[in-house]
2 protein chains.
Amino acid sequence: MTPGPRELLKDVGLRVTAPRIAVLDWLAEHPHATADSVAEGVRARLGSVSTQAVYDVLNACARTGLLRRIEPAGHPARYETRTGDNHHHLVCRVCGRTEDVDCVHGAAPCLEPSAAAGFAVDEAEVLFWGRCPDCRGTPKEQPA
Amino acid sequence: MTPGPRELLKDVGLRVTAPRIAVLDWLAEHPHATADSVAEGVRARLGSVSTQAVYDVLNACARTGLLRRIEPAGHPARYETRTGDNHHHLVCRVCGRTEDVDCVHGAAPCLEPSAAAGFAVDEAEVLFWGRCPDCRGTPKEQPA
DNA sequence: CATGCTTTCTGGAACGGGTCAAGAAAACGA
DNA sequence: TCGTTTTCTTGACCCGTTCCAGAAAGCATG
């Protein structure tokens, strides 16, 4: 079975605390949530958690690989528990809604730039921009 | 011959002003410059230009397609005059240095996500993350 | 189960890139 | 040349995020 938050935290050497468990649980149920909505969800469950605690947890988990952070230009960062398979994302320009996309070209296309210019490349990030079903009618503004 | 800034501006219906010409000229010579360094370059040439003027020019040109804006997560936005060919970018995690990369798979790979989830996709953005030659020795901090 | 060292959480201030707003100035069609 | 419209200036402001110091937990020992 899938390891729970406690095991995951221990595995990467992070302390097991209520805020961390709550954050991981919430994100497992709500992928691509923003820091803000994670904070909301965690507070609904634990009562009161500081903004910094949430950011600390998110950063610590992202650093140790428990979470992946997606930062679409012009939108707040989003987090997901699905890590390690380098899948891509579909982002709505209007509301920022984010969905997973498996790569078209099989396993890992686009992973090697033709000319690396001396760079040590360690990741290829692919983002598809568009409008989600809810925002297709909206020309440039926020949805209702 | 390549059209100059004046022609480009007129073509898209923007007024021809000194700040605009200076911004376009500067960017033609310094691709992938940040708003900040554009402002510096423009001021060196024109004497004094407000920050807003620079942002206005950059936004207006990006909106009309004269410029392309790249916003790497965790780094200030960068601008380039090479538009319309949907090439990709190589970004240094440490210093933010950005280089052009032509796509490996010929013309336009990765352009169609396998499942669009009802989204109207209009752009595929590919970013390669790594460390530039100058920052390869630097573990996690800014370069000297 | 106590103890004490370390990591984490709290609360509040601060930061940086970028935008908004009101008025002055410059572009350009008539 | 004039008048309308767009653009530039100055200055305040916003939002997501991070920094700081101190208080409060976690957890490896005795």
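Side chains are part of it too, since the values below use all heavy atoms of this structure and drop only hydrogens, waters and symmetry mates. Since the model is a prediction, treat every value here as computed from it, not as a measurement.
The outermost nucleotides of DNA chain C lying under 4.0 Å from heavy atoms of chain B, listed 5' to 3', are dG17(C) to dC28(C).
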Run the side-chain donor-acceptor check on residues 14-22 of chain B: report pairs under 3.5 Å with partners two or more places apart or on a different chain.
| from | atom 1 | to | atom 2 | distance (Å) |
| --- | --- | --- | --- | --- |
| T17(B) | OG1 | R20(B) | N | 3.4 |
| R20(B) | NH1 | R15(B) | O | 3.2 |

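Distance L58(B) CG to dT7(D) C1': 14 Å, rounded to the nearest Å. Atom P of nucleotide dC27(D) and atom NZ of K10(A) are separated by 7 Å, given to the nearest angstrom.
Of the possible polar contacts, one joining the R43(A) side chain to the V49(A) backbone as a donor-acceptor pair under 3.5 Å is found. Although no hydrogens or angles enter the test, the distance criterion places a donor-acceptor pair under 3.5 Å between the side chain of E7(B) and the main chain of G4(B).
If you find the closest nucleotide of DNA chain C to T17(B) and to E71(B), the one lying nearer the 5' end belongs to E71(B). The residue among R78(A) and T51(B) whose nearest nucleotide of DNA chain D lies closer to the 5′ end is T51(B).
Applying the salt bridge (Lys or Arg N to Asp or Glu O under 4.0 Å) test to E40(A) and every residue at least two apart in sequence or in another chain returns nothing. For E125(B), the salt bridge (Lys or Arg N to Asp or Glu O under 4.0 Å) test picks out no residue, with sequence neighbours left out. Applying the salt bridge (Lys or Arg N to Asp or Glu O under 4.0 Å) criterion to D11(B), with sequence neighbours excluded, gives no partner residue. Residues passing the ring-ring contact (aromatic ring centres under 6.0 Å, His included) test with H89(B) are H32(B), H87(B), sequence neighbours excluded. Partners of T83(A) under the side chain to side chain donor-acceptor pair (under 3.5 Å) rule, at least two apart in sequence or in another chain, do not exist in this structure. D56(A) pairs by the side chain to side chain donor-acceptor pair (under 3.5 Å) definition with nothing, not counting sequence neighbours. Under the side chain to side chain donor-acceptor pair (under 3.5 Å) criterion, D36(A) pairs with no residue at all, not counting sequence neighbours. Annotation: salt bridge (Lys or Arg N to Asp or Glu O under 4.0 Å) contacts of R69(B) (sequence neighbours excluded): E71(B).
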Collect all protein-nucleotide pairs involving nucleotides 2-6 of chain D in which both atoms are nitrogen or oxygen and the distance is under 3.5 Å.
| from | atom 1 | to | atom 2 | distance (Å) |
| --- | --- | --- | --- | --- |
| dT5(D) | O2 | R15(B) | NH1 | 2.9 |
| dT5(D) | O2 | R15(B) | NH2 | 3.1 |
| dT6(D) | O4' | R15(B) | NH1 | 3.4 |
| dT6(D) | O4' | R15(B) | NH2 | 3.4 |

Are there any protein N/O atoms within less than 3.5 Å of an N/O atom in nucleotides 19-24 of chain D, and if so, which ones and at what distance?
| from | atom 1 | to | atom 2 | distance (Å) |
| --- | --- | --- | --- | --- |
| dC19(D) | N4 | Q52(A) | NE2 | 3.1 |

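Within 4.0 Å of N59(A), counting heavy atoms only, lie sugar-phosphate atoms of the nucleic acid but no base atom. Residue A60(A) is out of contact with every strand shown, counting any heavy-atom pair closer than 4.0 Å. Among the heavy atoms of the strands, none lies under 4.0 Å from T34(B).
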